[in-house]
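What you see below is based on every heavy atom in this structure, not just the backbone, and it leaves out hydrogens, waters and symmetry mates. Just follow the structure's listing: the first ligand is 1, and inside any ligand the first atom is 1.
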Amino acid sequence: MRVGVLTGGGDCPGLNAVIRAVVRKGIKDYGYEFVGFRDGWRGPLEGDTMPLDISAVRGILPRGGTILGSSRTNLMKIDGGVERVKDNLAGLGVDALIAIGGEDTLGVARQLYDRDVKVVGVPKTIDNDLNATDYTFGFDTAVNISMEAIDRLHTTAESHHRALIVEVMGRHAGWIALHSGMAAGANVILIPERPFDIDEVVAHVESRFKTNYAPIIVVAEGAHPKDGQMELSTGEMDSFGHVRLGGIGQRLAEEIESRTGKEARSVVLGHVQRGGTPTAFDRVLATRLGANAIAAVNDKDFGKMVGLQGTDIVRVDLAAATDVLKTVPVERYEEAEVFFG
Ligand code: F6P
């Protein structure tokens with residue numbers, strides 16, 4: 001059996017750990033051969049491959065990024081894209097594919113499976129917003145990076161008696177903001193699922209200043225105010241139709257400064273959250289998911305995504321994983337709200 005492997009969408013720490021586990025178990029337990037496809041769906045679309053054997057995966061467990069490269073190529077938007085992928089797979093003698101990605105990459109995997117491509121998905125995203133898995137690898141690393149940054153910002157904010165607004169990633173789901181904000185004792189946490197009231201945010205900031213403690217506001221990039229409260233700018237779209245965000249932190253800083261008369265600055269953590277070495281949790285999760293994905297290929301259990309439920313790795317239909325996003329439930333936000341102000 002020849003198995004192709006690709007990584008699509010935004011990269012995240014732990015991708016290399018998955019690739020290593022897939023290849024190591026696939027060769028040792030099943031005697032498979034592997035082909036690496038470069039840059040997400042662009043690889044099978046253009047037949048762009050790289051060797052993927054034991055020597056290619058040696059030493060990559062702790063390395064961030066992905067040795068295969070990644071892209072946001074949406075082959076469903078390319079005329080004849082599916083046929084080109086099928087022809088290339090046949091020409092390269094690839095019998096099955098392992099697609100490691102988030103909602104977009106796995107959404108394409110699901111559509112390919114409906115068109116007779118043998119594919120198994122592995123959930124990846126720092127956003128933790130894929131359904132049917134309790135956690136995605138990369139999330140724990142991103143939360144730890146953000147928590148450490150917020151810890152550092154606390155001390156400088158206090159020295160200068162200023163409010164600091166920390167913008168973290170999360171277009172549609174506020175998991176990183178919620179977890180890093182709770183872990184680092186944020187004054188307010190703002191997430192996309194819950195439009196915020198700027199008057200309440202300002203009240204929290206003022207009450208924190210009264211106690212001589214400088215406020216830290218953690219805001220997800222996709223958070224937005226209640227209708228009509230503040231104007232926001234919109235950015236360009238990528239090939240999956242997502243708007244490129246960034247800017248809510250700066251807007252909030254301006255608004256808070258003008259309403260409170262206190263200095264407010266914004267810090268955008270950006271791609272720092274996706275870079276560098278994965279935490280132990282993410283390395284273990286990624287390794288287990290990779291090993292289970294190649295086991296699913298060996299069982300001919302295609303059209304599935306492997307995921308974490310409780311402490312078990314399970315297989316679910318790709319459809320169940322990609323139909324709806326896993327957003328932050330109201331109760332989880334309310335747990336954090338107790339500590340605002
Ligand atoms: O999907 C992961 C993610 O990091 C999001 O949190 C973020 O909105 C997006 O990718 C940024 O994408 P890009 O790196 O393409 O700007």
Phe340/Tyr333 aromatic ring centres below 6.0 Å: yes

Under 3.5 Å, side-chain donor or acceptor atoms of residues 304-314 against the rest of the protein: list the pairs with distances, not counting sequence neighbours.
{"from": "Lys304", "atom 1": "NZ", "to": "Asp301", "atom 2": "OD1", "distance (Å)": "2.9"}
{"from": "Gln309", "atom 1": "NE2", "to": "Ala132", "atom 2": "O", "distance (Å)": "3.1"}

His271 near ligand 1 by a heavy-atom separation under 4.0 Å: yes

Where at least one partner belongs to residues 85-105, residue pairs that pass salt bridge (charged side-chain N to carboxylate O under 4.0 Å, His left out), sequence neighbours excluded: none

side-chain contact (heavy atoms from CB on, under 4.5 Å) between Val57 and Val22, worked out: CA-CA 10 Å; Val57 300; Val22 164; over 6 Å; no

Atom indices of ligand 1 within 4.0 angstrom of Gly170 heavy atoms, with elements: 6 (O)

Polar contact flag for Arg274 and ligand 1 (N/O pairs, less than 3.5 Å): yes

Proximal atoms of ligand 1 relative to Glu221 (non-hydrogen, under 4.0 Å): 5 (C), 6 (O), 7 (C), 8 (O)

For Ile126, atoms of ligand 1 separated by under 4.0 Å from a heavy atom: 4 (O)

Test side-chain contact (heavy atoms from CB on, under 4.5 Å) applied to Val328 and Trp175, step by step: CA-CA 6 Å; Val328 175; Trp175 291 108; 3.7 Å; yes

